[in-house]
Amino acid sequence: MHLPPHIPFAPTSGRFFYGWIILALGTLGVLMSTPGQTVGVSPFTDFLIRDLGISRTSLSLAYLIGTLSSSFTLTHAGHAYDVHGARLVGTVVAIALGLVLLMLSVIPQTVAVLQHLFTGLPATGTAFVLVTIGFFFLRFFGQGVLA
């Protein structure tokens with residue numbers, strides 16, 4: 001579904017240069033992608049290590065796997081931009097990035113629930129897999145598509 005360029009309004013109908021709105025919203029979009037950037041993740045490194053019970057090396061490996069695997073799938077996002085347009089894809093990706101951040105914030109509780117459901121499930125291995133998946137989506141939506 002591709003929205004016509006005049007929806008929700010015609011850019012030429014305003015009394016001032018529409019480019020200033022694009023500049024402001026583009027800057028806001030770049031700022032919103034900060035959680036997907038390394039600079040947005042690194043302040044939480046020590047907290048993730050503590051709360052997930054994994055080593056710094058494991059966390060770095062999870063970040064590497066998430067980053068590399070997301071980079072291989074970004075061409076699909078480019079195709080979605082071409083087919084559906086920046087407005088729709090940008091909106092969906094911004095919402096998805098927020099959901100990924102919420103998911104990352106509850107990984108310790110998710111590990112506890114999974115350990116309760118599946119007795120004998122290793123906590124560190126489960127945390128590693130979940131944080132790797134979280135980093136994949138964080139890098140895909142934040143660093144890749146939204147930026």
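Since this is a predicted model, take the numbers as computed values, not measurements. Values below: every heavy atom of this structure, side chains too, minus hydrogens, waters and symmetry copies.
- Closest of all the heavy-atom pairs between V131 and A62 is CG1-CB, 3.7 Å.
- Below 30°, between 30° and 60°, or above 60°: for F47 and F44 the angle between ring planes is between 30° and 60°, a tilted geometry.
- Distance CD/Q109 to CG/L114: 11.5 Å, rounded to 0.5 Å.
- One finds the OG atom of S60 at 7.0 Å from the CD1 atom of I49 (value rounded to the nearest 0.5 Å).
- Annotation: side chain of L138 is not in contact with side chain of Q143 (no heavy-atom distance under 4.5 Å).
- The two residues Q115 and L121 make their nearest non-hydrogen contact at NE2-O, 3.1 Å.
- Nearest approach of A127 to I54, heavy atoms of both residues: CB-CG2, 4.2 Å.
- Considering all non-hydrogen atoms of both residues, G66 and S69 come closest at O-OG, 3.3 Å.
- With hydrophobic clusters built from ILVMFWY side chains whose heavy atoms lie under 4.5 angstrom apart, V113 shares a cluster with M103.
- Here the closest non-hydrogen pair linking P43 and V39 is CD-O, 3.2 Å.
- Taken to the nearest 0.5 Å, the CZ atom of F135 stands 11.5 Å off from the CG atom of L64.
- In the hydrophobic clustering of this structure, F137 does not group with L102; members are Ile, Leu, Val, Met, Phe, Trp, Tyr whose side-chain heavy atoms approach within less than 4.5 Å, directly or through other members.
- Distance CG/L68 to CZ/R139: 9.5 Å, rounded to 0.5 Å.
- Considering all non-hydrogen atoms of both residues, Q37 and G142 come closest at NE2-O, 4.3 Å.
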Practice problem: Start with the C-alpha gap between F128 and L52, add the side-chain angles, then the distance that decides, and say whether side-chain contact (heavy atoms from CB on, under 4.5 Å) holds. | Solution: CA-CA 8 Å; F128 177 80; L52 299 177; over 6 Å; no
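- Residue L23 is not grouped with residue L31 when hydrophobic side chains (ILVMFWY) are merged at heavy-atom distances under 4.5 angstrom, including chains of intermediate members.
- Once rounded to the nearest 0.5 Å, the distance linking CD1 of I107 with CG of L130 reads 5.5 Å.
- Hydrophobic cluster membership differs between V106 and L59, with clusters built from Ile, Leu, Val, Met, Phe, Trp and Tyr side chains linked at under 4.5 angstrom.
- In this structure, CZ on F136 lies 10.5 Å from OG1 on T67, to the nearest 0.5 angstrom.
- Between F141 and L99, the closest side-chain pair of non-hydrogen atoms is not below 4.5 Å.
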